[in-house]
There are 2 protein chains.
Amino acid sequence: MSLRHALLGLLSERPASGYDLLKRFETSLANVWPATQSQMYTELSKLADAGMISVSAQGPRGRKEYTLTDEGLAELRHWLTGTKPQRNTRSDILLRVFFLGVLTPEQARGYLAELTEMSEQEYEGLRQLEESIDWGDDPLSVHGRIALEYGLRFNAMRREWAEWAAGQIR
Amino acid sequence: MSLRHALLGLLSERPASGYDLLKRFETSLANVWPATQSQMYTELSKLADAGMISVSAQGPRGRKEYTLTDEGLAELRHWLTGTKPQRNTRSDILLRVFFLGVLTPEQARGYLAELTEMSEQEYEGLRQLEESIDWGDDPLSVHGRIALEYGLRFNAMRREWAEWAAGQIR
DNA sequence: TACCTCATGTAATACGTTACATGATTAG
DNA sequence: CTAATCATGTAACGTATTACATGAGGTA
């Protein structure tokens, strides 16, 4: 049920079309909440039916620009303050760790080495993203940077853990 | 597609019934791959149909004990070594961070304070779990401890990040 | 005998992914 | 005039959640 809130959140900044939202997802939210094109257009229709967003302008090629309604903003605020974020997080990366015993020690260490490398690469990717963005003082910049910092710390942590873990296996 | 591998993984240790697997999930894998009762029984039927597990014993109350077949073990090994782990991790916790700008600074800091507390509690829960378990040298103990260590480091990281983040908001 | 735990299953619904399908507008 | 980009949508399928439904066996 969070894709809907992601869309409401993006629309709280400024009105946008499905296509716009798709592009903005790719460059920001995709890291924390991946979604496909199909899913977005479907969800936008549902949100419009529910009165949380409304078509505020039409453009060429059937473009429909959506604007957040008061009901939509209320729903967004409620999600942010009134619901517990205790969401179950699935990790196939960690799931595999439980079963490394069915492999040879070499294979198991190989898997952990892959994780080390993956973490390094993601870390570097985020570093470059950080440098490429012109950070301002606006709310978006502040919170975007906070999320990015999470990614950096997370990947640094995971890298160190994977290296430590490889040492535990003999 | 990972629930199936979680079940194959558990059955690689020893034969078990759906009910047994359900209990073992609750006390170990639930943290990395939550699954419901319905889902498990359905998946076990599919795995049996696919020849990856087989009914090795029947007990009272219709109990069916499943055993991993050679095909099942091969599939498990293939998943571990031959498939790339998805780093597609959804996090509604982090998603909210992007939109804290629609709240007052007090509310935003309140949210981050909740995350700090949540991380502390999870950390403590894992510490207690760590102490309550009699760790041996068997593969299960080694890999279970590695996964647990990840949880500890992750929550420590998240706590520090949430405290830092609260300081970024004015 | 009554209650708890063991034990399995199905149905309805929601959410997510992949693929298919179509067409308008703009830039070179 | 051709290709890329803009722009929207539907269909089929797979996975996940919630609720419903049933009953055997052990124990107080």
Side-chain angles (χ1 to χ4, degrees), chain A residues 1-8 10-11 15-27 29-50 53-66 79 83-84 86-92 95, chain B residues 1-8 10-11 15-27 29-50 53-66 79 83-84 86-92 95:
Chain A
M1 211 52 174
S2 283
L3 172 61
R4 102 177 298 152
H5 298 111
L7 294 171
L8 293 173
L10 286 177
L11 287 172
S17 68
Y19 193 81
D20 293 339
L21 294 168
L22 196 59
K23 296 294 151 191
R24 294 193 32 218
F25 248 79
E26 281 167 13
T27 55
L29 297 187
N31 298 303
V32 302
W33 204 270
T36 60
Q37 177 258 44
S38 299
Q39 224 186 326
M40 276 195 217
Y41 282 110
T42 309
E43 192 61 41
L44 285 170
S45 294
K46 285 191 205 162
L47 282 168
D49 287 348
I53 62 179
S54 67
V55 177
S56 51
Q58 308 233 15
R61 282 165 289 204
R63 176 189 170 92
K64 284 186 278 186
E65 196 176 71
Y66 291 103
W79 173 68
T83 62
K84 294 262 170 271
Q86 187 63 26
R87 180 77 184 172
N88 284 327
T89 162
R90 290 194 162 80
S91 167
D92 73 331
L95 181 58
Chain B
M1 212 51 175
S2 282
L3 172 61
R4 103 178 296 153
H5 299 110
L7 294 171
L8 292 174
L10 286 177
L11 287 172
S17 68
Y19 193 82
D20 294 339
L21 293 168
L22 196 60
K23 296 295 152 191
R24 297 196 25 220
F25 248 79
E26 280 166 15
T27 55
L29 297 187
N31 297 303
V32 302
W33 204 272
T36 59
Q37 178 258 46
S38 298
Q39 222 185 328
M40 274 193 219
Y41 282 110
T42 309
E43 192 61 42
L44 285 170
S45 294
K46 286 190 206 162
L47 283 168
D49 288 349
I53 61 178
S54 66
V55 177
S56 51
Q58 310 233 13
R61 284 165 290 205
R63 176 190 171 92
K64 285 188 277 186
E65 196 177 72
Y66 291 103
W79 173 68
T83 62
K84 292 266 168 260
Q86 281 288 114
R87 64 194 177 323
N88 256 358
T89 162
R90 288 195 164 81
S91 166
D92 76 331
L95 182 58

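Residue numbering restarts at 1 for every chain, and letters A, B, ... go by the order of the sequence lines.
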Compare every heavy atom of [Y] with every heavy atom of [X], then report the nearest pair and how far apart it is.
{"X": "B:F25", "Y": "B:W33", "result": "CE2-O, 3.1 Å"}
{"X": "B:R24", "Y": "B:A16", "result": "NH1-CB, 4.4 Å"}
{"X": "A:D92", "Y": "B:S2", "result": "CB-OG, 3.8 Å"}

**Study point:** Nearest-Å distance for atom pair CG/P, residues A:D20 and D:dT5
**Key:** 16 Å
Exercise for review: Rounded off to whole Å, could you give me the CZ-to-P distance for the B:F25 and D:dA16 pair?
Suggested key: 10 Å
Check your understanding: A:S45 near the nucleic acid: base, sugar-phosphate alone, or nothing, with a heavy-atom cut-off under 4.0 Å?
Key -> nothing
Using a cut-off of less than 4.0 Å, is there contact between a side-chain N or O of [X] and OP1 or OP2 of [N]?
{"X": "A:K23", "N": "D:dT5", "value": "no"}
{"X": "A:Y41", "N": "D:dG9", "value": "no"}
{"X": "B:R63", "N": "D:dG23", "value": "no"}

Which listed nucleotide ([options]) is nearest to the side chain of [X]?
{"X": "B:S38", "options": "D:dT10, D:dT18, C:dT8", "result": "D:dT18"}
{"X": "A:P60", "options": "C:dT25, D:dA24, C:dG9", "result": "C:dT25"}
{"X": "B:K46", "options": "C:dC15, D:dT15, C:dT18", "result": "D:dT15"}
{"X": "B:R90", "options": "C:dT8, C:dT17, C:dA7", "result": "C:dT17"}

Review point. Within a strict 4.5 Å, meaning less than it, do heavy atoms of the B:Q39 and B:L7 side chains meet?
Key: no
Revision key, fill the gap. Comparing A:R61 with A:R4, nearest DNA chain C nucleotide closer to 5' gives the residue A:R4
Regarding [N], can its base be found pairing with the side chain of [X] as donor and acceptor, where the two atoms are less than 3.5 Å apart?
{"X": "B:T42", "N": "C:dT10", "answer": "no"}
{"X": "B:Q39", "N": "D:dT15", "answer": "no"}
{"X": "A:Q37", "N": "D:dT8", "answer": "yes"}

Review point. Given the rule in the side chain to side chain contact (heavy atoms under 4.5 Å, CB included) test, do B:D20 and B:L10 qualify, once you have shown the distances and angles that lead to the verdict?
Key: CA-CA 10 Å; B:D20 294 339; B:L10 286 177; over 6 Å; no
